[in-house]
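Just so we're on the same page: letters track the sequence lines, and every chain starts at 1.
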Number of protein chains: 2
Amino acid sequence: MSRSPRRIPDATVARLPVYHRGLQELLRSRRTTVSSDELAELAGLNAAKVRKDLSYLGTYGTRGVGYDVETLVRRIALELGLTENWPVVIIGIGNLGRALASYGGFSARGFRIAAVLDADPRKTGEPVGDLKIRPTAELRSIVQQEGVAIGIIATPGNAAQRVAGEMVSAGIRSILNFSPAVLVVPDDVAVRSVDLAVELQVLSYYQHHRDDSPVVSMIGTGAR
Amino acid sequence: MSRSPRRIPDATVARLPVYHRGLQELLRSRRTTVSSDELAELAGLNAAKVRKDLSYLGTYGTRGVGYDVETLVRRIALELGLTENWPVVIIGIGNLGRALASYGGFSARGFRIAAVLDADPRKTGEPVGDLKIRPTAELRSIVQQEGVAIGIIATPGNAAQRVAGEMVSAGIRSILNFSPAVLVVPDDVAVRSVDLAVELQVLSYYQHHRDDSPVVSMIGTGAR
DNA sequence: GGTCGCTTGTGAACATGTGCACAAGCCCGT
DNA sequence: ACGGGCTTGTGCACATGTTCACAAGCGACC
């Protein structure tokens with residue numbers, strides 16, 4: 001259904017959510033039209049990249065005018081699959097898991113938290129926002145009942161691989177991993193990992209080598 | 001002092017922390033030597049990439065044998081500047097800020113949290129781990145006294161730009177931004193942004209287009 | 001209806017990153 | 001001392017990503 005004519009490059013896919021975020025802001029401020037230059041400013045990129053990225057979605061701009069904000073935000077949401085309101089589960093309810101569970105941004109941008117789970121039986125029943133912590137043994141039935149497609153791992157590193165295996169066997173095929181571990185999963189499972197310490201260490205490198213080369217970077221989005 | 005002979009490519013810099021993490025594991029299990037193949041497995045990459053990456057650090061391997069774990073972990077730590085035990089500050093102590101503040105991984109990997117700050121005066125004095133929340137007005141003096149070089153922003157999006165400005169004017173030149181906002185800073189300030197919703201949305205794309213192309217990716221590390 | 005100013009969409013040059021494949025070099029056993 | 005097995009380091013071809021620069025096209029105004 002929402003197949004795009006050409007395949008979209010990974011680098012562009014990583015930036016689409018940033019455009020989506022900026023366009024939503026514009027919507028809120030009642031802007032109807034936006035140029036590639038303005039959108040570039042909002043996304044922290046340059047105009048050429050914006051135009052090339054958007055061109056992979058098809059021809060949605062008007063020369064001499066710009067892009068219609070509402071059309072474009074809808075087109076990007078469609079492409080990213082945000083219209084499906086994916087149910088997600090979070091496993092590992094420590095400080096980070098709790099923070100993720102109560103992070104308002106998720107529900108506002110195409111996702112809803114179907115359940116929060118933890119392997120520690122002492123935590124079972126503990127409230128987290130509107131939800132109660134459930135034991136990991138219930139994962140399979142939750143996934144099946146709610147049609148969960150995306151799982152978030154917020155456990156310590158040593159539990160992550162086990163949890164990933166449980167997710168995969170429960171039918172989850174997209175995993176967002178916040179633990180400092182490299183996950184081994186079947187080829188048809190997508191994994192994205194965010195390691196907080198890694199991010200700091202990259203910054204540390206550029207801080208350390210400041211005189212050699214000043215650099216500003218944004219993860220996966222190739223910002224200036 | 002620790003200048004490397006050639007400039008290290010960004011893609012490699014983003015992977016060095018992952019090697020460092022894997023090597024530390026090996027150290028703990030008393031391994032003295034590791035091949036590019038084994039290290040690749042640990043980092044979720046392929047051996048060719050590992051060898052090329054490490055070659056930018058100089059010639060530290062032994063043909064027919066592999067790399068000396070201890071030498072290599074030290075060399076990478078030196079390159080990343082992890083030996084300096086950077087003091088960092090966290091601004092914005094909501095759920096996420098609290099999670100970051102109590103995240104053990106930081107102290108274990110080259111950073112120490114010098115202070116946690118929040119703009120809300122009602123939170124001042126509240127304990128977070130060993131620290132107490134301080135008002136943002138104290139940022140400048142903290143930065144000067146402790147020599148803080150790296151700041152972490154964990155505020156809501158609408159406060160992020162203001163906080164970033166305060167950090168820059170206080171003398172911070174490396175910022176790790178967890179808010180969903182694009183920060184505008186002077187050229188000589190490095191920014192890395194992690195937007196949790198963006199990560200989910202990227203996963204959502206690949207989930208949505210699953211039939212077109214199975215994909216596994218790891219942020220900024222180019223894993224298979 | 002024609003012209004002018006503005007902005008898109010994109011071909012082509014350039015830059016960066018990846019993977020292959022193999023020579024160079026080290027260790028060990030004989 | 002020498003040969004065999006193994007692993008590094010890297011040149012080179014290929015793939016992906018970025019930027020430039022400009023023709024094409026739209027809208028507005030005369």
So, [X] versus [Y]: side-chain donor-acceptor pair below 3.5 Å or not?
X        : Y        : result
A/Ser169 : A/Arg140 : yes
B/Glu38  : B/Ser35  : yes
A/Ser174 : B/Arg210 : yes

What's the [atom1]-[atom2] distance between [X] and [N], to the nearest Å?
X       : N      : atom1 : atom2 : value
A/Lys49 : D/dG17 : NZ    : P     : 11 Å
A/Asp10 : C/dG17 : CG    : P     : 15 Å
B/Asp53 : C/dT18 : CG    : C1'   : 10 Å
A/Glu38 : C/dT7  : CD    : C1'   : 11 Å
A/Asp37 : C/dG9  : CG    : P     : 14 Å
A/Leu45 : D/dG17 : CG    : P     : 15 Å
A/Tyr56 : C/dT8  : OH    : C1'   : 15 Å
B/Leu72 : D/dT7  : CG    : P     : 16 Å

If you look at every heavy atom in A/Arg51 and A/Ser36, which pair is closest and at what distance?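 It is NH1-OG, 3.1 Å.
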Could you tell me how the ring of B/His209 sits relative to the ring of B/Tyr205: parallel (under 30°), tilted (30 to 60°) or perpendicular (over 60°)?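 Plane angle under 30°, so parallel.
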Would you say [N] has OP1 or OP2 under 4.0 Å from some side-chain N or O of [X]?
X       : N     : answer
A/Tyr60 : C/dT7 : no
B/Ser36 : D/dT8 : yes
A/Tyr67 : C/dG9 : yes

Which of these nucleotides, C/dT8, D/dG17, C/dG19, is closest to any side-chain atom of B/Asn46?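 Selected nucleotide: C/dG19.
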Quick one, B/Leu27 with B/Leu23, criterion side-chain contact (heavy atoms from CB on, under 4.5 Å). Give me CA distance, side-chain angles, the key distance, then yes/no. CA-CA 6 Å; B/Leu27 258 192; B/Leu23 288 166; over 6 Å; no
Rounded to the nearest 0.5 Å, what separation is found between the CG atom of A/Asp188 and the CZ atom of A/Arg173?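 Spacing of CG (A/Asp188) from CZ (A/Arg173) equals 4.5 Å.
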Would you please test B/Tyr19 and B/Asp53 for side-chain hydrogen bond (donor to acceptor under 3.5 Å, both in side chains) and show each step? CA-CA 10 Å; B/Tyr19 300 138; B/Asp53 283 343; 2.5 Å; yes
Can you check side-chain contact (heavy atoms from CB on, under 4.5 Å) on B/Leu72 and B/Leu54, steps first, answer last? CA-CA 9 Å; B/Leu72 195 55; B/Leu54 296 183; 3.8 Å; yes
Kindly give the atom pairs (protein nitrogen or oxygen, nucleotide nitrogen or oxygen) under 3.5 Å for nucleotides 11-15 of chain C.
unit_1 : atom_1 : unit_2  : atom_2 : d
C/dG11 : O6     : A/Lys52 : NZ     : 3.2
C/dA12 : N6     : A/Lys52 : NZ     : 3.1

Does the protein touch nucleotides 22-30 of chain D at the base, only the backbone, or not at all? Give it as B, S and - per nucleotide, heavy atoms under 4.0 Å. -BBBBS---
